[in-house]
Amino acid sequence: VRHVAKQPKPPNAKPLTEPVLLILTSLAECPRHGYALIKDIESLSDGRVRLSTGTLFGALRRLLELSWIERFVQEDTSRDKIAYRLTSSGRRQLEMELNRMKHLTRAATARLRRSEA
Amino acid sequence: MARVYKQLLKLYPAEYRALFGEEMSACFETTAQECRERGVFALLCYAVLELIGLVRAACGEWIARLSYAIYHSKSYITDRCLPDNGLMRPAGVARSTCSVTKTQRTTTNDLIDPDEMCVNAHQRFVLASSPRRLLILTCATFLPMHRR
């Protein structure tokens, strides 16, 4: 067995991509179906990000594979629609990402203040 | 336009289409209807952006599917994997008395270490992202370094 001198990394230590972060943020509030996700992401980013249907469902497929979200049939709508909701693992990932961003924001703010002073 | 979009969905792998095809069509139709109310130019812009997004996403899905299929072919694993310790007969133990059987063979999932520590090429491949897997496969084809 070849020993590799490599520090073990926590799983999924890489920062999330913008579409993934926006999808998880949108689903953190309530379960949503595809069209509702596109609209919510658009309003969440002040119209800056408009996901195409292909990009959205590609990201949803990867999130389903990672078990960060789950599919279910939403029955309380006029038409039966398949919707997506965040799993506990997905919520944990979102919290981790937000903590990472908070840390980065704090560090950047501190450096800016130091350079201004 | 919806009919054209449904035809374009055939660019995706069949499993993907079966899972998301209807949802994608419904989503496209609703958004296209909304754009139509805003004018022809808005509809045209939307159609072009959707087309680009669809082709890009379909390429991504095919690459992911291809690397998965190649990786899961038996030849890839047996040719490039280091010896499985679970299958090795310890030194000094006779072949007839060795209790290692084929049923004890480790599965792909068993090889994934939760700490992401790679100990052989097989595990490194399992833990790699899709683009990296494709790179490994390309290198393995043209530079067969891991072949025994």
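Order of the sequence lines fixes the chain letters, A, B, ..., with proteins taken first and strands second; residue numbering starts at 1 for each chain. It should be emphasised that the depicted structure is a prediction, and the values quoted were computed from it without experimental measurement.
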Interatomic spacing from CG in Leu56(A) to CZ in Phe20(B) - rounded to 0.5 Å: 9.0 Å
Give a yes or no on whether Leu66(A) and Leu21(A) share a hydrophobic cluster (residues Ile, Leu, Val, Met, Phe, Trp, Tyr; joining criterion: side-chain heavy atoms under 4.5 Å apart). yes
Lys39(A) and Thr30(B), any side-chain heavy atoms less than 4.5 Å apart: no
Are Val49(A) and Leu24(A) co-members of a hydrophobic cluster defined by side-chain heavy atoms under 4.5 Å apart? yes
Locate the shortest heavy-atom distance separating Gly54(A) from Ala57(B); write the atom from each residue and the value. O-CB, 3.5 Å
Atom CZ of Arg50(A) and atom SG of Cys45(B): how far apart are they, to the nearest 0.5 Å? 11.0 Å
Supply the atom-to-atom distance Leu51(A) CG to Leu49(B) CG, rounded to the nearest 0.5 angstrom. 12.0 Å
How about CZ on Arg56(B), more than 12 heavy atoms from neighbouring residues, nucleotides or ligands closer than 6.0 Å, or not? no
Between Phe57(A) and Glu61(B), is there a side-chain heavy-atom distance shorter than 4.5 Å? no
Quick check on Leu9(B) against chain A: is it the side chain, the backbone, both or neither that has a heavy atom closer than 4.5 Å? neither
Distance-minimising heavy-atom pair for Ser52(A) and Gly53(B): OG-CA, 3.6 Å
Give a yes or no on whether the backbone of Glu29(B) and the side-chain of Tyr35(A) come within a donor-acceptor separation of less than 3.5 Å. no
Same cluster or not: Phe28(B) versus Leu44(B), using hydrophobic residues (I, L, V, M, F, W, Y) connected whenever any side-chain heavy atoms lie under 4.5 Å apart? no
Return yes when atom CZ of Phe72(A) has more than 12 non-hydrogen atoms of other residues, nucleotides or ligands closer than 6.0 Å, and no otherwise. yes
My understanding is that only residues two or more places apart in sequence, or in another chain, count here; which of them pass side-chain hydrogen bond (donor to acceptor under 3.5 Å, both in side chains) with Gln7(B)? Lys10(B)
With clusters defined by side-chain heavy atoms of hydrophobic residues (ILVMFWY) lying less than 4.5 Å apart, directly or transitively, does Val20(A) cluster with Leu104(A)? no
Which of the residues Ile52(B), Leu19(B), Val55(B) is involved in the greatest number of heavy-atom pairs with chain A at under 4.5 angstrom? Leu19(B)
Should the heavy atoms of other residues, nucleotides or ligands under 6.0 Å from CD of Glu15(B) be counted, would the total exceed 12? yes
Taking side chain as C-beta onward, heavy atoms only, is Glu23(B) less than 4.5 Å from Leu60(A)? no
Residue Ile38(A) versus chain B: region with a heavy atom under 4.5 Å: side chain
Toward chain A, the part of Glu34(B) with a non-hydrogen atom under 4.5 Å: side chain
